[in-house]
Amino acid sequence: IKELKKRLANMIVPAVIENQSLPGYICKQSGGIWGKWGAKSATTSQFTIEQLLNFLSKLSKTMRCYYMEDSMTRQILTELLRVIGVSAFNHILVRKNFCTWKRGVQIQYNVSRLEEWCTTHGIAEATLHLQQLLQAAKLLTLNKTSPQDIETIFDVCFLLNPTQIKKLLSLYYAADFDSPLSPELLKIVANRALLNEKSDTLLLDLDLGPDFTKPNIRPVEYIDRFIPSWISLPNISVVAANN
């Protein structure tokens with residue numbers, strides 16, 4: 001699991017946060033130090049959402065080919081989806097000059113691709129780990145021009161605590177004829193966040209992994225002794241023939 005998480009870690013932000021698959025919503029702002037280092041490829045990313053999905057598909061297929069217990073396969077894939085959701089969400093909260101409404105649209109699309117993958121692979125319950133990320137992206141696309149809009153944001157993004165909503169709105173970057181948030185609206189959000197400031201957590205806990213449930217031992221009633229002729233295993237063939 002640790003090795004899989006290491007391989008996945010380098011793919012999450014480029015594939016889920018930076019990848020822009022929708023041509024009509026391309027955003028050129030990369031944000032913060034990423035904008036300085038990656039100015040030459042502001043509209044592209046090192047990994048795409050397709051590559052991330054292919055990685056998950058190959059892993060799922062490999063575990064099936066090795067006849068891994070179905071319950072373990074589901075737990076492993078669900079844990080990786082949790083890592084994707086938490087890592088992507090936390091990254092949005094620390095990246096300046098990046099959170100635009102177009103980014104919100106792109107991230108929502110990428111998350112929808114992950115949700116579709118989960119459903120087609122029989123682990124629809126894993127999409128629960130993507131909901132906070134999805135609501136954070138949704139927040140970027142909602143109207144933010146009146147106090148009523150702020151109430152709507154808190155209603156729609158019910159999985160986010162006031163501190164997280166405050167942070168996202170403070171990072172919101174007005175681009176492409178978009179209007180920046182007024183100081184009055186930011187003050188309204190700040191006052192709501194102040195009520196739970198001590199108890200709310202900003203970043204999600206990436207290390208809070210589940211305790212994997214070991215599958216029950218199943219009795220082996222029959223062992224298939226067939227060995228394909230093209231596999232050169234003479235010693236195994238002798239043992240199989242004598243039993």
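What you are looking at is a predicted structure, and each value in this text was computed from that prediction instead of being measured. Throughout, numbering of the chain's residues begins at 1 and tracks the sequence.
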Review point. What is the minimum heavy-atom distance between A136 and L168, and which atoms define it?
Key: CB-CD1, 3.8 Å
Check your understanding: Would a hydrophobic clustering, with Ile, Leu, Val, Met, Phe, Trp and Tyr connected at side-chain separations under 4.5 Å, put I1 with L56?
Key -> yes
Review point. For the side chain of Q20 and the backbone of Q106, is there at least one donor-acceptor N/O pair under 3.5 Å apart?
Key: no
Revision key, fill the gap. Output for pair (T127 OG1, E116 CD), nearest 0.5 Å, gives 12.5 Å
Check your understanding: Using a distance-only test with no angle check, is there a side-chain donor-acceptor pair under 3.5 angstrom linking E115 and Q131?
Key -> yes
Check your understanding: Do the non-hydrogen side-chain atoms of V105 and Y109 ever get within less than 4.5 Å of each other?
Key -> no
Practice item. Would you mind reporting whether Y25 and W101 have side-chain heavy atoms less than 4.5 Å apart? Key: yes
Practice item. Would you mind checking if E184 and K187 are paired as a salt bridge, meaning a charged N to carboxylate O distance below 4.0 Å? Key: no
Practice item. Determine whether L203 and V86 make a side-chain contact, defined as any pair of heavy atoms from C-beta on separated by less than 4.5 Å. Key: no
Check your understanding: For atom CG of N216, is the number of surrounding heavy atoms from other residues, nucleotides or ligands below 6.0 Å larger than 12?
Key -> no
Exercise for review: Enter the distance from R113:CZ to T48:OG1 here, rounded to the nearest 0.5 Å.
Suggested key: 9.0 Å
Check your understanding: What's the verdict on side chain to side chain contact (heavy atoms under 4.5 Å, CB included) for L181 and V189, showing C-alpha distance, side-chain angles and the deciding distance?
Key -> CA-CA 11 Å; L181 270 76; V189 176; 5.8 Å; no
Exercise for review: Could you tell me whether the side chain of S199 reaches within less than 4.5 Å of the side chain of N196, counting heavy atoms only?
Suggested key: yes
**Study point:** Short side-chain donor-acceptor distance under 3.5 Å, D211 and T213
**Key:** no
Point to revise | Full working for side chain to side chain contact (heavy atoms under 4.5 Å, CB included) between M63 and E69 | key: CA-CA 8 Å; M63 290 190 289; E69 191 72 23; over 6 Å; no
Check your understanding: Are any side-chain N or O atoms of S57 and backbone N or O atoms of N54, one a donor and one an acceptor, separated by less than 3.5 Å?
Key -> no
Point to revise | Step-by-step salt bridge (charged side-chain N to carboxylate O under 4.0 Å, His left out) determination, E79 to R74 | key: CA-CA 9 Å; E79 171 61 9; R74 296 169 67 89; over 6 Å; no
Check your understanding: Can you tell if the side chain of Q164 reaches within under 4.5 Å of the side chain of D200, non-hydrogen atoms only?
Key -> no
Check your understanding: What are the two closest heavy atoms between L133 and G85, and how far apart are they?
Key -> CB-O, 4.1 Å
Review point. In terms of hydrophobic clustering (I, L, V, M, F, W, Y; side-chain heavy atoms under 4.5 Å; direct or indirect links), are L194 and I153 co-clustered?
Key: no
Check your understanding: Between the side chains of T78 and R82, is a donor N or O closer than 3.5 angstrom to an acceptor N or O?
Key -> no
Check your understanding: Do the side chain of D205 and the main chain of D207 share a donor and acceptor less than 3.5 angstrom apart?
Key -> yes
Check your understanding: Can any side-chain N or O of K144 pair as donor or acceptor with the backbone N or O of L140 at less than 3.5 Å?
Key -> yes
Point to revise | Joint hydrophobic cluster, L134 plus L128, side-chain heavy atoms closer than 4.5 Å | key: no
Check your understanding: How long is the gap from CG on L160 to CD1 on I165, to the nearest 0.5 Å?
Key -> 5.5 Å
Review point. Just checking, is any N or O donor in the side chain of D149 or S146 under 3.5 Å from an acceptor N or O on the other one?
Key: yes
Review point. Could you state the interatomic distance from CD1 (I188) to NZ (K166), rounded to the nearest 0.5 Å?
Key: 14.0 Å
Check your understanding: Is there side-chain contact between L171 and F98, with at least one heavy-atom pair below 4.5 Å?
Key -> no
Revision key, fill the gap. So NE2 of H121 and CG of L53: to nearest 0.5 Å the spacing works out to 9.0 Å
**Study point:** Interatomic spacing from OG1 in T141 to CG in L139 - rounded to 0.5 Å
**Key:** 8.0 Å
Study note, to complete from the structure: Nearest heavy-atom approach of S179 to A174 is C-CB, 3.9 Å
Study note, to complete from the structure: Closest non-hydrogen contact found for R7 with M11 is O-CG, 3.7 Å
Practice item. Quick one: closest heavy-atom pair of L204 and Q132, and the distance? Key: CD1-OE1, 3.5 Å
Practice item. Might you confirm whether atom CZ of F55 has over 12 heavy atoms from other residues, nucleotides or ligands at distances under 6.0 Å? Key: yes
Check your understanding: Has K96 got its NZ or CZ under 6.0 Å from the middle of the six-membered ring of Y173, at an angle within 45 degrees of the ring axis?
Key -> no
Point to revise | Atom NZ of K138: over 12 foreign heavy atoms under 6.0 Å | key: no
Check your understanding: Are I84 and L159 linked, directly or through other ILVMFWY residues, by side chains that come within less than 4.5 angstrom of each other?
Key -> no
Practice item. For W117 and I123, work out which heavy atoms get closest and say how close. Key: CZ3-CD1, 3.7 Å
**Study point:** Expected output: side-chain N110 to main-chain N19 donor-acceptor under 3.5 Å
**Key:** yes
Check your understanding: Any donor-acceptor pair under 3.5 Å linking the side chain of N161 with the backbone of T201?
Key -> yes
Review point. Is there a side-chain contact between F47 and V13, using heavy atoms and a 4.5 Å cut-off?
Key: no
**Study point:** E18/R95 ion pair, N-O < 4.0 Å
**Key:** yes
**Study point:** I49 side chain near L114 side chain, heavy-atom distance below 4.5 Å
**Key:** yes
